[in-house]
Amino acid sequence: MLRTHTCGELRTDHIGQQATLCGWVDTYRDHSGILFVDLRDRYGKTQVVFSPQSGPQTLAVAKTLRAEYVIAVTGTVAARPEGTENRNLATGRIELRAEKLEVLNRSRTPPFQPGAKELPSEETRLRYRYLDLRRQPMQEAMLLRHRMIKLIRDYFDELGFVDVETPMLGRSTPEGARDYLVPSRVHPGTFFALPQSPQLYKQILMIAGYDRYVQVARCFRDEDLRADRQPEFTQLDLEMSFVQPGDVMDVIDGLMARLAGQLLGLELQLPLPRMTYDEAMQRYGHDAPDLRFGLELVDVTDVARECPFQVFRAAAESGGRVRGLNAKAAASRYSRKGIDELTQYVVEDFGAQGLAWFKVDAEGQLASPIAKNFEPGQLARMAQRFDARPGDLLLLVAGPWDLTCRALAGLRRRLGRELNLYDPKQMHFSWIVEFPMFAYDEQQGGWTAMHHPFTAPRPQDLPLLKDDPGKCRAQAYDLVINGVEAGGGTIRIHDTDLQQEVFRLLGIDAQRAQERFGFLLEALQYGAPPHGGIALGIDRLVMLFGRLDNIRDCIAFPKTQRATDLMTGAPSEVDVAQLKELGIRIDR
RNA sequence: GGGGGUGUAGCUCAACUGGUUAGAGUACCGGACUGUCGAUCCGGUGGUUGCGGGUUCGAGUCCCGUCACCCUCGCCA
C-alpha cells in the first residue's frame, strides 16, 4: 500500500508516529509561510500542514496543489496547537506535519467540488458522476446499499435459502412491461429479452426441488421513468416451496425487523400489520397507502343520492361515488386560491370533474358556495359523517369508484405532506393482501392479470373463476413502506389445468400460451410443488431506509428520465457493420 | 402520448412593467499573508442568456418551434 493509514483514522493516540496518507485535496489554505491541506478519502478528512519545516522543496510543490489533486503525504502525526482543534472533524485534534509530498495525479479544475455546500444541478452531477460519487452523502448511500445487501444475503443464508443466478438473456413475453431486446447474431431476426423479473425461472427452480431460492437480481423494464423508477433496477427475488401466503410474509417480516434494527436502530413489532386490498381502497383509495397518518376517505354517496346538488346526485345515481376527506383544522391553511390549486390538481392529474369543498365555521356549520344546494339535514349528516369540527376543511370528489380512489388518494398524499401530518423520519411497514385476481380492461374489453398470470386464486374463490372473475381474490401480498410499494408476491399456480384456465380467462389462447409459456406448462406436469414467493425493490428499500427522495441517489450510475446515461452517452448509434452482422436495418 | 417546472459566466443564482456596456457569490489566474479550517485582503480573466425563428426602434424578458434535465398523469402483468 502507498499509505499507512486512511484519512479518517488518525487520532491523538498516533501522536509522534510517522504516517503516510493518500487522498484527494479537498481544500487548501495557503498562508504563504504555512499551508494547510484537508486531505480526503472515503474514510474522512485529515489536515496536512506544510511549513518551512517540511523543507523548501516540499513547500514549493505544496503551493502547486489544487482541488482534487491526488497526493501521498508522509509526515509526523502531531497534536494541533491549543485553540486550533477542529471539533467538526473526527481527526480534528491532530494534524499531519508533512515531510514528504508526492503528487500522484493532478486534476483539471473540477466543474464542482465534492466538498462544496451548494449542490450542482443533477444534470451536472450525472455528467460527472465520478465527482458526484466522491460526495459524502453519495458515499453514505452506497455504503447503506452495501450493508443492506450484505444483511439480506446473511439472513437468507441462515434460513437455508440457495442463491441461484438466472439468465439475463431470456425469451420475450410481450405481456406486462415492454421488454429490452437483444438481437441474436447467430439467429438473425430473432431476439432475446432482458428479464423483467426472474419469475418463470424461479418457479422452474421450485419444480427442480430447490425449495428455497433467493437472488439479488437485476431487472429491466422499458417503461417511462419516475422519481422511484429506473429502467434497470435490482430486486430481492425469492421463492419457497410448500408455503402459504403467511409463510412468505413471516420471512419478510423477519428480514424487515433485522434491516430496521441493524440499519436504523428501530425495533419493529411483528407480525407487520396486514390489511386487505378492499379495506385499503375503501379507507385510503390506494393499494399502497401511506399509513404514517390517518386522513381516511369518507363515503357520503347515500347523502349525495338524495341531495339537490346535480353533480353529486348524478354521480350517485349512475353507480359512482361521492367521497371525500376531512383536512382537520386546515380551513385557514387553504385560501380560495389554495383550494383552486387543489381543484386543478385533481382535475388535471386524475380527470375529476371538480373538487367540492366545505369549510366548517365556528358553529360547526358547513360553509361553501355549493352549500345552498343542500338541505340543512343533509349538511348535518355529512358534517357528522366527516366528524366535522370548526376550522376543518372537507374536500369531496364525485365520480366513478376508481376515479374517486385515484383523485382522493393523490389528494390525501399531497395533504399529508403539505399539512405535515407525519414525521418524515417515521417508518411504517404493512402488508396489503388479497388483491383481486383480475382487472377489467375497458379499452381492450377483457380481463387482465392484476399481478401476473401465474398468480393463484384463494382456494375458496375457485368457483368464482367461472361465475364472477371480478370478485375472485388472489393469494397475493404487497409490502408497503411509507406509501411506497416496496415489493409484492403471490402464491403461484402449480397445477397445469388451473394455469390453462387462467390463461383462457386472460384471453391467452392455448396456442399462444404454448408458444410463450409452453416450457412452464410442461414443467408443471412433472411434479410441481405448491410454491410462492415475493420480490422486493432493493433500490426503493435503500431509498426509504436512507430517507432519500429519489431513486437515482442510491444507484451509482443511474439513467435520466429519458433513460439515457449522461456520463457515457448511452444509448448510442452503432456501426453499420454491427447492424449488418445482426441482420438489422434501421428504418427512419 | 398529456400536463407542469427549470435552462443566464466552470458552478450556484440575480437582472421591476421589454430599455444604457447582462451583475453577485464561488471557482479560476496574478499578488500579499506563519495557525487556517467555507481562510482573509487586493487586482484580473471569464457570457452564442440551451438552440432556431418571429414581433419590436430595442428581447435574457413577449410569441412560435425545438432540445436537455426534473416532477407528474397515462404506462410500469
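All values below come from the heavy atoms of this structure, side chains included, with hydrogens, waters and symmetry mates left out. To find a chain, count down the sequence lines: A is the first, B the second, and so on, and within it residues start at 1.
Of the nucleotides present, B:G44 is the one that pairs with B:C28 by Watson-Crick or G-U wobble criteria, both distances under 3.5 Å. Pairing for B:C75 is absent, judged as Watson-Crick or G-U wobble with the two contacts each under 3.5 Å. Summarising the base pairing, B:C16 is matched to no nucleotide, lacking a Watson-Crick or G-U wobble pair whose two defining distances lie under 3.5 Å. With a cut-off of 3.5 Å on both Watson-Crick or G-U wobble distances, the partner of B:G7 is given as B:C67.
Taking the C1' atom of each, B:A27 and B:U45 are spaced 12 Å apart, rounded to whole Å. The P atoms of B:U66 and B:A59 are separated by 24 Å, rounded to the nearest whole Å. When the C1' atom is used for both B:G18 and B:C29, the distance is 37 Å, rounded to whole Å. Comparing B:G31 with B:C37, their P atoms are spaced 23 Å from each other, to the whole Å. Taking atom P on both B:C11 and B:U49, the two are 15 Å apart, rounded to the nearest angstrom. Here the separation of B:A22 from B:U61, taken at their P atoms, is 15 Å to the nearest Å. For B:G47 and B:C42, the P atoms lie 24 Å apart once the distance is rounded to whole Å. To the nearest whole angstrom, the two C1' atoms, one in B:A9 and one in B:A15, are 14 Å apart.
Classification of A:Glu140 and A:Arg42 as a salt-bridged pair fails, no side-chain N sitting under 4.0 Å from a carboxylate O. Using a cut-off of 4.0 Å between Lys/Arg side-chain N and Asp/Glu carboxylate O, A:Arg406 and A:Asp349 are scored as not salt-bridged. The pair A:Lys337-A:Asp340 does not count as a salt bridge, with every side-chain nitrogen at least 4.0 angstrom from each carboxylate oxygen.
No more than 12 heavy atoms of other residues, nucleotides or ligands sit less than 6.0 Å from atom CZ of A:Arg106.
Relative to the side chain of A:Asn550, the nucleotides B:C71, B:U72, B:C28 differ in distance, and B:C71 lies closest. Residue A:Phe36 places its side chain closer to B:G35 than to any other of B:G35, B:U72, B:C69. For A:Asp224, taking side-chain heavy atoms from C-beta onward, the closest of the listed nucleotides B:C75, B:C37, B:G2 is B:C75. Closest approach to the A:Arg66 side chain among B:U72, B:C28, B:G35 is made by B:C28 (side chain taken as heavy atoms from C-beta onward). Counting only heavy atoms from C-beta on, A:Ala227 has its side chain closest to B:U72 among B:A39, B:U34, B:U72.
A:Arg66 is not listed as a side-chain neighbour of A:Thr109, based on a closest heavy-atom distance of 4.5 Å or more. At least one side-chain heavy atom of A:Pro114 sits less than 4.5 Å from a side-chain heavy atom of A:Arg135.
Between A:Trp447 and A:Tyr440, the distance from one ring center to the other falls under 6.0 angstrom. If you look at A:His452 and A:Phe454, their ring centroids are closer than 6.0 Å.
If you check every strand for non-hydrogen atoms under 4.0 Å, A:Arg406 touches sugar and phosphate atoms only. Across all strands, A:Thr564 comes closer than 4.0 Å only to sugar-phosphate atoms, never to a base (heavy-atom distances). Among the atoms of the strands shown, base atoms are found under 4.0 Å from some heavy atom of A:Thr84. Within the 4.0 angstrom heavy-atom criterion, base atoms lie near A:Glu85. At a threshold of 4.0 angstrom between heavy atoms, the contacts of A:Gln47 include nucleobase atoms, whether or not backbone atoms are also involved. At the heavy-atom level, A:Thr109 lies under 4.0 Å from the strands shown only through sugar-phosphate atoms.
We find that CG of A:Asp478 is positioned 15 Å from P of B:C76, with the value rounded to whole Å. The distance from atom CG of A:Asp349 to atom P of B:C71 is 14 Å, rounded to the nearest whole Å. Regarding A:Arg125, its CZ atom lies at a distance of 12 Å from the C1' atom of B:C70, rounded to whole Å. In this structure, A:Asp38 places its CG atom 9 Å from P of B:G38, rounding to the nearest Å. Rounding to whole angstrom units, CG of residue A:Leu39 and C1' of B:U36 are separated by 16 Å. Atom C1' of nucleotide B:G74 and atom CG of A:Leu403 are separated by 13 Å, given to the nearest angstrom. Rounded to whole Å, atom P of B:G1 lies 14 Å from atom CG of A:Leu225. Per the geometry, NZ belonging to A:Lys117 stands 18 Å off P belonging to B:G25, to the nearest Å.
When the side-chain nitrogen and oxygen atoms of A:Arg29 are compared with OP1 and OP2 of B:A39, one or more of them lie within a distance under 4.0 Å. Between A:Tyr28 and the phosphate of B:C28, there is a side-chain N or O to OP1/OP2 separation shorter than 4.0 Å. Here A:Arg552 reaches the OP1 or OP2 of B:C71: one of its side-chain N or O atoms lies under 4.0 Å away. For the pair A:Gln561 and B:C71, the criterion of a side-chain N or O lying under 4.0 Å from OP1 or OP2 is met.
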Give each protein N/O atom lying under 3.5 Å from an N/O atom of nucleotides 31-33 of chain B, with the pair distance.
from: B:C33; atom 1: N3; to: A:Asp30; atom 2: O; distance (Å): 3.2

Where do N or O atoms of nucleotides 9-12 of chain B meet protein N or O atoms at under 3.5 Å, pair by pair?
from: B:C11; atom 1: O4'; to: A:Pro111; atom 2: O; distance (Å): 3.0
from: B:U12; atom 1: OP1; to: A:Ser121; atom 2: N; distance (Å): 2.4
from: B:U12; atom 1: OP1; to: A:Ser121; atom 2: OG; distance (Å): 3.4
from: B:U12; atom 1: O2'; to: A:Glu118; atom 2: OE2; distance (Å): 3.2

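Residue A:Pro231 comes nearest to A:Leu225 through the heavy atom pair CD-CD2, 3.5 Å, listed as atom of the first residue, atom of the second, then distance.
Checked by atom type, the side-chain pair A:Thr490/A:Arg492 shows a donor-acceptor distance below 3.5 Å.
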(request) Please step through side-chain contact (heavy atoms from CB on, under 4.5 Å) for the pair A:Arg323 and A:Leu396, ending with a clear verdict. (result) CA-CA 6 Å; A:Arg323 298 201 290 168; A:Leu396 296 96; over 6 Å; no

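Residue pairs meeting the ring pair (Phe, Tyr, Trp, His ring centres under 6.0 Å) criterion with at least one member in residues 25-62 of chain A, sequence neighbours excluded: A:His31-A:Phe36.
Taking for each of A:Thr27 and A:Arg221 the nucleotide of RNA chain B with the nearest heavy atom, the 5'-most of the two is the partner of A:Thr27.
One cannot find a donor-acceptor pair under 3.5 Å joining the base of B:C70 and the side-chain atoms of A:Arg562. Under 3.5 Å, the side chain of A:Arg229 and the base of B:C76 form at least one donor-acceptor pair of N or O atoms. The base of B:G35 is paired with the side chain of A:Glu95 by a donor and an acceptor separated by under 3.5 Å. In this model, a side-chain donor or acceptor of A:Arg80 finds a partner on the base of B:C37 within 3.5 Å.
Of the options A:Val484, A:Asp539, A:Asp228, a side-chain contact (heavy atoms from CB on, under 4.5 Å) to A:Leu544 is made by A:Val484 and by none of the others.
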